[in-house]
Amino acid sequence: MPTLRAQPIRRRKLYEEIVERLEAMMIAGELAPGDQLPPERELVETFQVGRTAVREALFALQRMGLVALKNGERAYVTRPSAETLVGELSGAVRHMLAHEDGMRDFQGARLLFETSLARHAALNRTAEDLGRLERALQDNREAIGDDARFNRTDVHFHFVLTEIARNAVLTTLHNAVAAWLAEQRQTSTRMEGAAQAAYAAHRKIFDAIQAQDPDRAERAMRDHLIEVSHYYWRARSSEDGLRDPRRLRDQAGGQGALP
């Protein structure tokens, strides 16, 4: 007779059952974006639960981006967006970034993400894409010496590159990562020569994309992000005595280590 592993059954809360049923109706098309949900009183009667469970379910669906709630109005169905999906992660991400290992993990994740984008851009960019990227590069060069402006143009250069993929999830993810790693950007930019080095790296990335050379574009992006990380950890080390950064190249399947 087979031995059963201990697997405790979690007792579900009432509002979770309501969420599941309403979500199933949305997936089946019985509730479409723009449709109003029944009044709260009717939901209470339909599901045979209390008002508290119904309200908790509606708030949960709102957090998922599946319904919109307005004071004095009935809830209505909405289409979830990439912004909603990424926004749900922000709280947990901030806690992770408060710790050294969490910051390193996100630096490594960004390395994998943006090297892939650079490679894709080199293979798929249009003349119009290249023009927008060149203008972003020019703005970045002209901002050297003004840290706040330089950081904005830095983010915009990477954003324009991301847009070449024409994927709403990727552009939303880029915006989120840029916000999550804002402290890294601000800290690294304070290091002498960091802005000039970042612009020079952007120039190499642009040149590789212009030449439609995916290997060179990927390598240029990898070198750039490793250098940014190096500047960040040097700045942190000088401020609070943190250790030098661990290897990032290995996380991206590259060679060598940060100096």
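Just so you know, these numbers come straight off a predicted model, no measurement behind them. Computed from heavy atoms alone, side chains included, the values below leave out hydrogens, waters and symmetry copies.
- To the nearest 0.5 Å, the span separating CZ on R190 from CG on D147 amounts to 9.0 Å.
- A distance-only check finds a donor-acceptor pair linking the side chain of R125 to the backbone of Q210 [under 3.5 Å].
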| Does the pair M221 and L117 meet the rule for a side-chain contact (heavy atoms from CB on, under 4.5 Å), with working shown? | CA-CA 9 Å; M221 181 63 79; L117 287 172; over 6 Å; no
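- Side-chain atoms of E142 and Q138 include a donor-acceptor pair closer than 3.5 Å.
- A continuous path of ILVMFWY side-chain contacts below 4.5 Å connects I205 to F113, so both sit in one hydrophobic cluster.
- Applying the side chain to side chain donor-acceptor pair (under 3.5 Å) test to residues at least two apart or on different chains, the pairs with a partner in residues 19-38 are R12-E20.
- When only modelled atom types and interatomic distance are considered, D129 and T126 share a side-chain donor-acceptor pair under 3.5 Å.
- Under a hydrophobic clustering in which Ile, Leu, Val, Met, Phe, Trp and Tyr are joined whenever their side-chain heavy atoms come within less than 4.5 Å, directly or via other members, W180 and M96 fall into the same cluster.
- In this structure, Y231 OH and E192 CD are separated by 9.0 Å, a value rounded to the nearest 0.5 Å.
- Under a 3.5 Å cut-off, the side chain of R79 and the backbone N or O of P33 do not form any donor-acceptor pair.
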| Given the rule in the side-chain contact (heavy atoms from CB on, under 4.5 Å) test, do R110 and L225 qualify, once you have shown the distances and angles that lead to the verdict? | CA-CA 8 Å; R110 184 190 179 197; L225 296 183; 3.5 Å; yes
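- Within the 4.5 Å cutoff, the side chain of R51 has heavy atoms near those of the R41 side chain.
- Smallest separation of non-hydrogen atoms from A208 and A122: O-CB, 4.3 Å.
- Atom CZ of F47 is surrounded by more than 12 heavy atoms from other residues, nucleotides or ligands within 6.0 Å.
- For the residue pair Q107 / S229, a side-chain donor-acceptor distance below 3.5 Å is found, with atom types taken as modelled.
- In terms of modelled atom types and a separation under 3.5 Å, the side chain of T171 and the main chain of A168 share a donor-acceptor contact.
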| query | Which is it for E56 and T52 under the side-chain hydrogen bond (donor to acceptor under 3.5 Å, both in side chains) test, yes or no, and what are the steps along the way? | reply | CA-CA 6 Å; E56 287 179 345; T52 299; over 6 Å; no
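- Counting heavy atoms from C-beta on, the side chains of E183 and Y232 come closer than 4.5 Å.
- At a cut-off of 3.5 Å, with distance as the only test, no side-chain donor of S188 or Q184 sits close to an acceptor on the other residue.
- Note that CZ of R219 and CG of D213 are 7.0 Å apart. Values are rounded to the nearest 0.5 Å.
- Note: D223 CG to H230 NE2 = 13.0 Å, rounded to the nearest 0.5 Å.
- A salt bridge links D207 with R203: the closest approach of a Lys/Arg side-chain nitrogen to an acidic carboxylate oxygen falls below 4.0 angstrom.
- No continuous path of hydrophobic side-chain contacts links I164 to F206 [ILVMFWY only; heavy atoms under 4.5 Å].
- Under the 4.5 Å side-chain heavy-atom criterion for ILVMFWY residues, no single connected hydrophobic cluster contains both M64 and Y76.
- Using a 4.5 Å heavy-atom threshold, the side chains of V54 and Y15 count as separate.
- At a threshold of 4.5 Å between non-hydrogen side-chain atoms, the residues L173 and V177 count as touching.
- In this structure, A211 and R216 approach most closely via the heavy-atom pair CB-NH2, 3.3 Å.
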| Can you check side-chain contact (heavy atoms from CB on, under 4.5 Å) on R104 and W233, steps first, answer last? | CA-CA 10 Å; R104 288 198 180 98; W233 290 109; 3.6 Å; yes
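- Among all heavy-atom pairs drawn from L123 and P214, the shortest one is CD2-CG, 3.7 Å.
- Between atom CG of residue L66 and atom CG of residue L31 there is a gap of 10.5 Å, rounded to the nearest 0.5 Å.
- Pairing each heavy atom of T153 with each of A143, the nearest pair is OG1-CB, 3.7 Å.
- Under 4.0 Å is where a charged nitrogen must lie from a carboxylate oxygen, and between E100 and R236 no such pair does.
- Remark: L43 CG to R55 CZ distance equals 11.5 Å, nearest 0.5 Å.
- In summary, D146 and R149 do not engage in a salt bridge, as defined by a charged side-chain N under 4.0 Å from a carboxylate O.
- Every residue two or more places apart in sequence or in another chain that forms a side chain to side chain donor-acceptor pair (under 3.5 Å) with H202 is listed here: N140, H158, H224.
- For the residue pair A165 and L170, the shortest heavy atom distance occurs at CB-CD1, 3.9 Å.
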| Step by step, would you call V77 with M26 a side-chain contact (heavy atoms from CB on, under 4.5 Å)? | CA-CA 8 Å; V77 179; M26 295 173 194; 4.2 Å; yes
| request: For E218 and R222, run salt bridge (Lys or Arg N to Asp or Glu O under 4.0 Å): C-alpha distance rounded to whole Å, both residues' side-chain angles, the deciding distance at 0.1 Å, then the answer. | output: CA-CA 6 Å; E218 180 180 344; R222 177 182 291 112; 3.2 Å; yes
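- In this structure, T189 contributes its side chain and A195 its backbone to no donor-acceptor pair below 3.5 Å.
- Put simply, L161 and V228 are part of two different groups of oily side chains (I, L, V, M, F, W, Y) that touch within less than 4.5 Å, one to the next.
- Put simply, the side chain of D154 never gets that close to the backbone of F150: no donor and acceptor are under 3.5 Å apart.
- When all heavy atoms of L69 and L58 are compared, the pair lying nearest together is CD1-O, 3.9 Å.
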